[in-house]
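Read through the structure below, which is laid out as C-alpha cells, and then see the notes.
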Amino acid sequence: MANSVLFVTIFIFFSMTLSSSTNPKHFTVELIHRDSPHSPLYNPQTTPTDRLLSAFLRSISRSRRFNHQPQTDLQSGLIGAGGEFFMSITIGTPPTNVLAIADTGSDLTWVQCKPCQQCYKENGPIFDKEKSSSYKSEACDSRNCNALSTTERGCDEDKKVCKYRYSYGDRSFTRGDVATETISIGSASGSPVSFPGTVFGCGYNNGGNFDETGSGIIGLGGGNLSLISQLGSSISNRFSYCLSHKSSTMNGTSVINLGTSSIPSGASIVSNVLSTPLVDKEPQTYYYLTLEAISVGNTKIPYTSSMYYPNEDGVSSAATKGNIIIDSGTTLTLLESGFYDRFGAAVEESVTGAKRVSDPQGLLSHCFKSGSAEIGLPEITVHFSGADVRLSALNAFVKMSEDMVCLSMIPTNEVAIYGNFAQMDFLVGYDLESRRVSFQRMDCSADL
C-alpha cells in the first residue's frame, strides 16, 4: 500500500468537455489534490504522515458541522471555515476570477465583495459588485431570501435588501447581501459556460481563519440554493465524482462529472453498478443514505445507529433510514460508537500477521503493527439499502508507516459519515431526479 492513498484537500480546476456550449448537458471537472505537485499549495517540506494527520484532524472537525444541534441567532452551526476543495470560476460582467472553497456540505455560494466593511487578506482580486452590470440584489420577501433558514437571513429595512449571515465554529464569519449574478465556468474549448441569475452571497464583512488563497465558499449541497440545485435541468439533475487514490501523485487525476452522462444508466450485475436510495430529511443540504450492516470477511454486523437517528414516531430501529451522510469532503468514515465496538473487535480478530497497537497520535482507533510478516487484512463490505459495496484495502485501511496500518474508520457519538477514503476508485453518482446514489468500481486515474 503506497502513501499515495492520501486524499486530503482537493483543488478543483475546471477542464470542461461540453456537448453544447449554449445548452450543456455534460461536462467534466478535473480535480487536483492539494498535496499534488500540480497544486498551488504543494509543500514539498511536509511528509506523507504530516498530510495524513492534517486530513484526519480536518475530518474530525468537519464532522461536528453535521450535528443536529439547536442554532443560535448568528450561528450557522458550521465548524471550521477551512474547506476540502477549491473551485475556480468567474463571477460578474465583466468577469472576475474567483478561487473559492467548494463544499458538498454547504448550500449558499458566497464570495468576498467590494466595497468591504471588513475583508480578510486575499491573494486574488476581490469581486466589486458596483463594476458588474449583471449584479442584482434580492428583496427581503423574495423566494430566494426565504430559502435561507431564519438563523441565516436578515433584512436591510432601509434598502429592502435580503441579508445572509454565517458564523463558523472556529470563529470565522461572513455577512453580506443575497444577490443574483452571472457565474461562468471555463471549458476545454476556451469558451466559458455562463449561468446567469445564479443566487449567491456578496460578503462585505468577513473574517477569522479563512485561507487567503480562497475568495469564499461554493455550495454543492442538496439544498435549494446550492450551485448543484440551481444548475438543475442544465445538468439533468445529475453529477458524479471519481476520486483516485493516486491523486496526490504527479500522475494521479480525479474528476467530477456534471450532466446527462455523469452517472451509469442503471444498476446491473454486468456493469457492476450498485444503487441505493437517497433519503430526504432535514437539513436538505446533506446527502443521507441508509447503512444496514457492515461485513468483516464473512461476519455480517447489523448497523444499529438508533442513538442518533430516531424514527418519526420517536422509536428507534436497527437500521433507521438516512442514518449516515455520504460526504466527499471528509477523509475518514465515522461510525456510531456502539456499533463500532463490535465492528472493531471483528476487524481485530480477522487481521493476521500483526498485533494491535495504539496510534501514536491518538486519532485512529484500530492500528496494527507487523514484525517481519506481511499483514493480512480482511475484506470489508458496506451494506447500504440495496447496495453491497465491497471495499478494497485502500478504502478501509491507511498505511501510516512501513510496518503499521490503521483502520480509516473511527467511532463517533454524533452523526455517522461515509468519508472519501471509502469512496476512492469508485464512480459515485448522484441522480437527484430519481433520488439515488450509485457506486461503480473503477480505476479513477485510468478510466477518465
Side-chain angles (χ1 to χ4, degrees), residues 9-10 12 29 31 58-59 61-69 71 75-87 89 100-111 143-153 164-169 174 178 183 185 195 198-201 203 214 216-235 237-241 243 256-258 262-263 277-289 322 324-330 334 415-420 423 428-433 435-437:
T9 302
I10 294 175
I12 300 181
V29 181
L31 304 177
R58 276 193 296 273
S59 287
S61 177
R62 181 177 173 85
S63 70
R64 298 179 186 134
R65 70 181 296 174
F66 296 103
N67 295 343
H68 299 178
Q69 301 293 335
Q71 307 304 317
Q75 175 74 26
S76 72
L78 306 182
I79 302 297
E84 298 303 312
F85 302 86
F86 282 79
M87 178 181 289
I89 62 172
I101 299 165
D103 189 2
T104 54
S106 294
D107 287 329
L108 181 68
T109 293
W110 67 266
V111 301
R143 182 185 64 178
N144 290 326
C145 186
N146 288 322
L148 290 168
S149 72
T150 55
T151 62
E152 297 169 346
R153 71 174 185 260
Y164 79 92
R165 52 200 179 194
Y166 286 147
S167 294
Y168 298 82
T174 176
V178 178
I183 288 180
I185 302 171
F195 300 96
T198 302
V199 181
F200 83 113
I217 287 179
I218 298 176
L220 301 176
N224 292 334
L225 293 183
S226 78
L227 186 61
I228 291 293
S229 296
Q230 291 190 68
L231 295 186
S233 60
S234 67
I235 59 170
N237 294 298
R238 295 179 177 182
F239 74 98
S240 66
Y241 47 76
L243 309 175
I256 288 180
N257 308 293
L258 304 173
S262 61
I263 63 175
L278 271 171
V279 178
D280 296 328
K281 58 191 303 182
E282 295 295 333
Q284 295 178 350
T285 304
Y286 311 136
Y287 298 107
Y288 301 92
L289 305 179
I324 192 167
I325 293 169
I326 182 170
D327 181 45
S328 64
T330 303
L334 288 80
V415 61
I417 300 172
Y418 192 63
N420 62 46
Q423 300 175 59
V428 183
Y430 294 71
D431 189 332
L432 304 181
E433 191 71 36
R435 307 300 297 165
R436 298 190 73 84
V437 169

Expected output: side-chain [X] to main-chain [Y] donor-acceptor under 3.5 Å:
{"X": "T198", "Y": "F195", "result": "yes"}
{"X": "R165", "Y": "R153", "result": "yes"}
{"X": "Q230", "Y": "V199", "result": "yes"}
{"X": "Q284", "Y": "D280", "result": "no"}
{"X": "S229", "Y": "S226", "result": "no"}
{"X": "Q423", "Y": "D327", "result": "yes"}

*asked:* Testing the 3.5 Å rule here: is there a donor-acceptor pair between the side chains of D107 and T285?
replied: yes
*Who are the side chain to side chain donor-acceptor pair (under 3.5 Å) partners of Y418, not counting sequence neighbours?*
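For Y418 there are no side chain to side chain donor-acceptor pair (under 3.5 Å) partners, ignoring immediate neighbours.
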Roughly how far apart are [X] [atom1] and [Y] [atom2], rounded to 0.5 Å?
{"X": "L289", "Y": "R436", "atom1": "CG", "atom2": "CZ", "value": "10.5 Å"}
{"X": "F200", "Y": "I183", "atom1": "CZ", "atom2": "CD1", "value": "7.0 Å"}
{"X": "I217", "Y": "T109", "atom1": "CD1", "atom2": "OG1", "value": "9.0 Å"}
{"X": "L108", "Y": "I218", "atom1": "CG", "atom2": "CD1", "value": "11.5 Å"}

*Give the intermediate values and the outcome of side-chain contact (heavy atoms from CB on, under 4.5 Å) for residues V415 and I325.*
CA-CA 8 Å; V415 61; I325 293 169; 3.7 Å; yes
_Test log, rule side-chain contact (heavy atoms from CB on, under 4.5 Å), inputs I417 and Y286_ = CA-CA 10 Å; I417 300 172; Y286 311 136; over 6 Å; no
*Can you check side-chain contact (heavy atoms from CB on, under 4.5 Å) on L225 and N144, steps first, answer last?*
CA-CA 7 Å; L225 293 183; N144 290 326; 3.9 Å; yes
*Sequence-distant partners of Y430, ring-ring contact (aromatic ring centres under 6.0 Å, His included), two or more places apart*: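 Result, ring-ring contact (aromatic ring centres under 6.0 Å, His included) vs Y430: F239, Y241, Y287.
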*asked:* Using the side chain to side chain contact (heavy atoms under 4.5 Å, CB included) definition, which of the options L278, V279, V437 pairs with Y288?
replied: V279
_Using the rule given for side-chain hydrogen bond (donor to acceptor under 3.5 Å, both in side chains), can you reason through N257 versus S240, listing the C-alpha separation, both sets of side-chain angles and the distance that settles it, and then say yes or no?_
CA-CA 5 Å; N257 308 293; S240 66; 3.0 Å; yes
